[in-house]
Novice: 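This is the structure, below, for whatever I ask next.
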Amino acid sequence: MDVNGLQKAQEALDAEIKSFFNSAPPLRNIEDIGKDLRKFVEFNSPQAGNQSARKVVCVTSGGTTVPLEQRCVRYIDNFSSGHRGAASTEYFLKAGYSVIFLYRKGTRQPYCSLLPDDPFLECLEFTQESGIQARQPYSEAVKNAISEHHAAIANGTLLKLPFTTIFEYLQMLHLVAISMRSVGPHALFYLAAAVSDFYVPWESMAEHKIQSGSGPLDMRLVQVPKMLSGLRSEWAPMAYCISFKLETDVKILLEKADAALRKYKMHMVIANELLTRKEEVTLVTTNEKIHVRRDPKLVGDNVEEHIVKHIVKKHSAYVDNFDHKVSRA
Ligand code: PMT
């Protein structure tokens, strides 16, 4: 595409993004979210003399929904369990990062991977002598989940922000990105959420429950504008940005990841295939492709632990390079 063509494509994307945000139903608790974010970022910001300063990562996790009615009865959802985001959050915290965990309500939570699906009913029991207590064999897992989670919240290193719809997710990601500007190159985006590609614009959505009985449902879904280039160039231009590429056909996976790296100017794209995503991924950067695999023979070995180790190194090099450039200027 020539320069003219590129400029036109950019203008069209800008118009789509503007129209998405203008027509999205406003976030209900935007003031509280803004307040929590300001407090969290200020606490962790690398200003001179701040003893609590840390690198800050925004981990997105779980899938966005697409409502079909304004008073929503039905919606389109996707497969994402939130495992990748929740496990990665634990490893980032362990590596000394503070984490903004932007997650789909009801999906996997950090420190809960060893708990059963219904921990409240399965892990607790009531006895006349001691009231409510953890049952075996879960008591160790419950104790760790509670203490690690509470410590991260109390230390100001974990902020959890829930979303459900694509409208909420993208507005919240925008808010988070703008709030994280003051963290400069110490900010990292790790976009593991499975983001809807198509949606029904709010203004063309039925207000009430769509009635059945009048034949097939005819509905037009519009493409969700990709926000990745906006995030990189405008929302958080100094941050290190990592997106994911998910495919079901392994033959096109790396090619697609490479294309995303170039098109959206990501610092890294993590390529994963649906069925093997818990076993292996490839970290794609402009210079290299690092294949990362969990060792199935090692109990408790998670692919996320390896991913985060590599990212921590790459992000450190990025920050050093940034500081070096600033000191030479
Ligand atoms: O949650 P789990 O069950 O553990 O699964 C983890 C995962 C497979 C969901 C995760 O590893 C993953 O791949 N997440 C990204 C899924 C996805 O949306 O892939 P995509 O190829 O459709 O999109 C690529 C990137 O573009 C994503 O990082 C997404 O943030 C971004 N995107 C997508 C659509 C859109 N309209 N705007 C976007 O910015």
Side-chain angles (χ1 to χ4, degrees), residues 40 44 54-64 78-115 144-145 148-149 151-153 155 157-163 169 172-173 176-177 180 183 186-195 228 231 236 239-246 257 260 266-274 276-285 290-295 298 300-316 318:
F40 187 84
N44 288 288
R54 282 165 166 247
K55 290 187 178 125
V56 181
V57 56
C58 170
V59 173
T60 72
S61 185
T64 58
N78 68 54
F79 71 95
S80 172
S81 65
H83 167 85
R84 174 88 78 226
S88 305
T89 292
E90 292 179 32
Y91 293 114
F92 276 120
L93 286 165
K94 207 167 161 190
Y97 277 72
S98 287
V99 182
I100 297 172
F101 182 57
L102 183 57
Y103 71 98
R104 162 75 182 280
K105 223 179 257 174
T107 56
R108 297 280 157 82
Q109 294 296 300
Y111 303 116
C112 295
S113 62
L114 299 177
L115 303 181
N144 289 341
E148 306 255 23
H149 177 264
I153 301 280
N155 295 340
T157 53
L158 176 61
L159 175 67
K160 302 205 318 184
L161 299 174
F163 66 82
Y169 171 78
M172 288 169 83
L173 182 63
V176 172
M180 279 171 69
V183 184
H186 295 256
L188 170 64
F189 282 84
Y190 181 83
L191 305 168
V195 183
L228 295 179
L231 173 77
Y240 192 87
C241 292
I242 302 172
S243 70
F244 279 73
K245 186 75 225 157
L246 174 77
M266 291 287 109
H267 296 98
M268 181 188 289
V269 174
I270 302 183
N272 56 173
E273 190 263 321
L274 185 68
T276 58
R277 69 188 192 277
K278 291 192 178 163
E279 313 303 320
E280 57 183 338
V281 303
T282 305
L283 313 185
V284 180
T285 63
I290 305 172
H291 194 69
V292 172
R293 201 171 214 294
R294 71 177 272 270
D295 183 347
L298 271 183
D301 191 37
N302 283 314
V303 72
E304 287 77 17
E305 183 169 8
H306 302 283
I307 299 177
V308 170
K309 261 190 201 146
H310 282 286
I311 292 175
V312 168
K313 267 198 227 143
K314 294 270 176 211
H315 187 208
S316 278
Y318 174 78

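In this text the structure is predicted, and so the values were computed from the model without any measurement.
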Novice: Once salt bridge (Lys or Arg N to Asp or Glu O under 4.0 Å) is applied, what residue pairs with a partner in residues 96-111 remain, sequence neighbours excluded?
Specialist: Asp77-Arg104

Novice: Among all residues two or more places apart in sequence or in another chain, which pass the salt bridge (Lys or Arg N to Asp or Glu O under 4.0 Å) test with Glu273?
Specialist: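 Testing Glu273 for salt bridge (Lys or Arg N to Asp or Glu O under 4.0 Å), a comparison that skips the adjacent residues, returns none.
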
Novice: Among residues at least two apart in sequence or on other chains, which ones pass side-chain contact (heavy atoms from CB on, under 4.5 Å) with Ser80?
Specialist: Asn78, Ala194

Novice: Among residues at least two apart in sequence or on other chains, which ones pass ring pair (Phe, Tyr, Trp, His ring centres under 6.0 Å) with His267?
Specialist: Tyr240, Tyr318

Novice: Any non-hydrogen side-chain atom of Thr60 less than 4.5 Å from a side-chain atom of Phe163?
Specialist: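 Sidechains of Phe163 and Thr60: no contact.
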
Novice: Going by the rule side-chain hydrogen bond (donor to acceptor under 3.5 Å, both in side chains), which residues pair with Tyr111 if we only count those two or more places apart in sequence or in a different chain?
Specialist: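 For Tyr111 there are no side-chain hydrogen bond (donor to acceptor under 3.5 Å, both in side chains) partners, ignoring immediate neighbours.
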
Novice: Is there a side-chain contact between Val312 and Val308, using heavy atoms and a 4.5 Å cut-off?
Specialist: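 They are in side-chain contact.
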
Novice: Run the side-chain hydrogen bond (donor to acceptor under 3.5 Å, both in side chains) test against Ser61 and tell me which residues pass, sequence neighbours left out.
Specialist: none

Novice: Would you please name every residue forming a side-chain hydrogen bond (donor to acceptor under 3.5 Å, both in side chains) with His315, sequence neighbours left out?
Specialist: Tyr97

Novice: Is there a side-chain hydrogen bond (donor to acceptor under 3.5 Å, both in side chains) between His306 and Asp301 once you walk through the steps?
Specialist: CA-CA 9 Å; His306 302 283; Asp301 191 37; 3.0 Å; yes

Novice: Salt-bridge test for Arg293 and Glu279: reply yes if a basic N is under 4.0 Å from a carboxylate O, no otherwise.
Specialist: no

Novice: Could you pull out all residues at least two apart from Glu148 that satisfy side-chain hydrogen bond (donor to acceptor under 3.5 Å, both in side chains)?
Specialist: none

Novice: In chain order, what residues pass the ring pair (Phe, Tyr, Trp, His ring centres under 6.0 Å) check against Phe244, with sequence neighbours excluded?
Specialist: Tyr190

Novice: So do Ile270 and Val284 actually touch side chain to side chain, heavy atoms under 4.5 Å?
Specialist: no

Novice: Is the backbone of Glu305 close enough, under 3.5 Å, to the side chain of Arg294 for a donor and an acceptor to pair up by distance?
Specialist: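 No; zero donor-acceptor contacts below 3.5 Å.
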
Novice: Please identify each residue that fulfils ring pair (Phe, Tyr, Trp, His ring centres under 6.0 Å) with Phe189, with sequence neighbours left out.
Specialist: none

Novice: Mind checking side-chain contact (heavy atoms from CB on, under 4.5 Å) for Leu114 and listing every partner two or more places apart, or none if nothing turns up?
Specialist: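 For Leu114, the residues satisfying side-chain contact (heavy atoms from CB on, under 4.5 Å) (neighbours in sequence not counted) are Ala141.
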
Novice: Could you tell me if the side chain of Leu228 sits less than 4.5 Å from the side chain of Leu191, heavy atoms only?
Specialist: yes

Novice: Are side-chain heavy atoms of Leu159 and Val99 found at a separation under 4.5 Å?
Specialist: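 Sidechains of Val99 and Leu159: no contact.
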
Novice: If the condition is side-chain contact (heavy atoms from CB on, under 4.5 Å), which residues does Ala187 pass it with, not counting sequence neighbours?
Specialist: Met180, Val183, Ala239

Novice: Taking C-beta and beyond as the side chain, do His186 and Arg54 meet within less than 4.5 Å on heavy atoms?
Specialist: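 No, every pair of side-chain atoms sits at 4.5 Å or beyond.
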
